[in-house]
Amino acid sequence: MTPAEILTRSENAKRILDDPLVIEALATIERDVIEAFHACPVRDTEGMRILQTDLRLARQFKGILQGAIERGKLVANDLRERETFMKQALRKIRS
């Protein structure tokens with residue numbers, strides 16, 4: 001994947017995670033699953049496992065988007081450093 005593609009994915013992921021509807025949806029899913037988990041009878045191990053999986057998947061979804069944002073930050077920082085290095089090298093060559 002090119003740096004430009006990574007930066008685009010990062011911007012898209014940030015836009016998604018900053019969307020109030022997505023924030024509300026993820027919070028609702030997490031709250032509802034946790035409430036269902038607490039209401040689940042202790043003997044219902046299969047139900048508890050399903051709810052744990054649901055919570056893990058919701059958090060994984062958010063984590064994937066956050067990972068894309070972080071990768072974009074790293075690429076942007078790397079590009080800035082390269083640009084600064086090139087500018088410094090050009091100044092040295094010119095002087």
Side-chain angles (χ1 to χ4, degrees):
M1 191 174 303
T2 68
E5 290 171 331
I6 293 171
L7 292 173
T8 299
R9 286 171 55 97
S10 175
E11 292 167 6
N12 290 340
K14 182 161 179 37
R15 192 178 68 255
I16 291 167
L17 279 181
D18 288 345
D19 186 299
L21 185 58
V22 173
I23 292 169
E24 181 183 345
L26 289 172
T28 300
I29 290 168
E30 190 166 327
R31 184 193 67 235
D32 290 352
V33 170
I34 290 172
E35 285 177 6
F37 185 81
H38 287 295
C40 190
V42 176
R43 292 182 180 169
D44 186 5
T45 56
E46 183 63 23
M48 289 177 141
R49 271 187 251 149
I50 291 169
L51 291 168
Q52 286 175 326
T53 300
D54 290 347
L55 185 58
R56 194 175 314 118
L57 288 172
R59 290 177 176 171
Q60 183 180 10
F61 172 79
K62 187 176 180 180
I64 290 168
L65 294 175
Q66 288 171 328
I69 292 168
E70 293 304 313
R71 279 189 294 284
K73 288 178 183 178
L74 291 173
V75 167
N77 187 46
D78 186 47
L79 291 173
R80 275 193 302 275
E81 286 180 7
R82 287 181 186 188
E83 184 179 337
T84 301
F85 176 77
M86 293 300 289
K87 285 180 181 179
Q88 290 172 351
L90 284 174
R91 270 192 235 123
K92 287 182 181 180
I93 292 171
R94 289 180 182 158
S95 48

Requested in this report: Identify the two heavy atoms, one from Cys40 and one from Gly47, that lie closest to each other, and give their separation to 0.1 Å.
Outcome: SG-C, 4.2 Å
**Report entry** Contacts of type side-chain hydrogen bond (donor to acceptor under 3.5 Å, both in side chains), residue Thr84, not counting sequence neighbours
**Finding:** none
Report task. Give a yes or no on whether Leu26 and Leu51 share a hydrophobic cluster (residues Ile, Leu, Val, Met, Phe, Trp, Tyr; joining criterion: side-chain heavy atoms under 4.5 Å apart). Result -> no
Query raised in the report: Is there a side chain to side chain donor-acceptor pair (under 3.5 Å) between Arg9 and Asn12 once you walk through the steps?
Result: CA-CA 5 Å; Arg9 286 171 55 97; Asn12 290 340; over 6 Å; no
Query - Separation between CD of Glu30 and CD of Glu35, rounded to the nearest 0.5 Å - result: 11.5 Å
**Report entry** Ile34 vs Arg31 side-chain heavy atoms within contact, under 4.5 Å
**Finding:** no
Query - Shared hydrophobic cluster for Met48 and Leu55 (ILVMFWY, side-chain gaps under 4.5 Å) - result: yes
**Report entry** Note, Leu7 side chain near Leu79 side chain (heavy atom, < 4.5 Å)
**Finding:** yes
Query raised in the report: Can you tell me how far CZ of Arg43 sits from OG1 of Thr45, rounded to the nearest 0.5 angstrom?
Result: 11.5 Å
Query raised in the report: Going only through I, L, V, M, F, W and Y residues with side-chain contacts under 4.5 Å, is there a path from Val33 to Phe61?
Result: no
Requested in this report: Take Asp78 and Arg82, measure what salt bridge (Lys or Arg N to Asp or Glu O under 4.0 Å) needs, and give me the verdict at the end.
Outcome: CA-CA 6 Å; Asp78 186 47; Arg82 287 181 186 188; 3.2 Å; yes
Query raised in the report: In terms of hydrophobic clusters joined by side-chain contacts under 4.5 Å, are Leu17 and Ile64 together?
Result: no
Requested in this report: Taking the side chain as every heavy atom from C-beta outward, state whether Arg15 and Asp19 have any atom pair closer than 4.5 Å.
Outcome: no
Query raised in the report: So, the side chain of Thr8 versus the backbone of Ala4: is there a donor-acceptor pair under 3.5 Å, distance only?
Result: yes
Query - Euclidean distance, Ile50 CD1 relative to Phe37 CZ, rounded to 0.5 Å - result: 12.0 Å
Query - Separation between CD1 of Ile29 and CG of Leu57, rounded to the nearest 0.5 Å - result: 10.0 Å
Query raised in the report: When rounded to the nearest 0.5 angstrom, what is the spacing between CZ in Arg91 and CE in Met86?
Result: 12.5 Å
Query raised in the report: So how far is it from Leu65 CG to Lys14 NZ, rounded to the nearest 0.5 Å?
Result: 12.0 Å
Requested in this report: Might you work through the salt bridge (Lys or Arg N to Asp or Glu O under 4.0 Å) test for Glu83 and Arg80, ending with a clear yes or no?
Outcome: CA-CA 5 Å; Glu83 184 179 337; Arg80 275 193 302 275; over 6 Å; no
Query raised in the report: Looking at side-chain heavy atoms only, is the closest gap between Arg56 and Arg59 below 4.5 Å?
Result: no
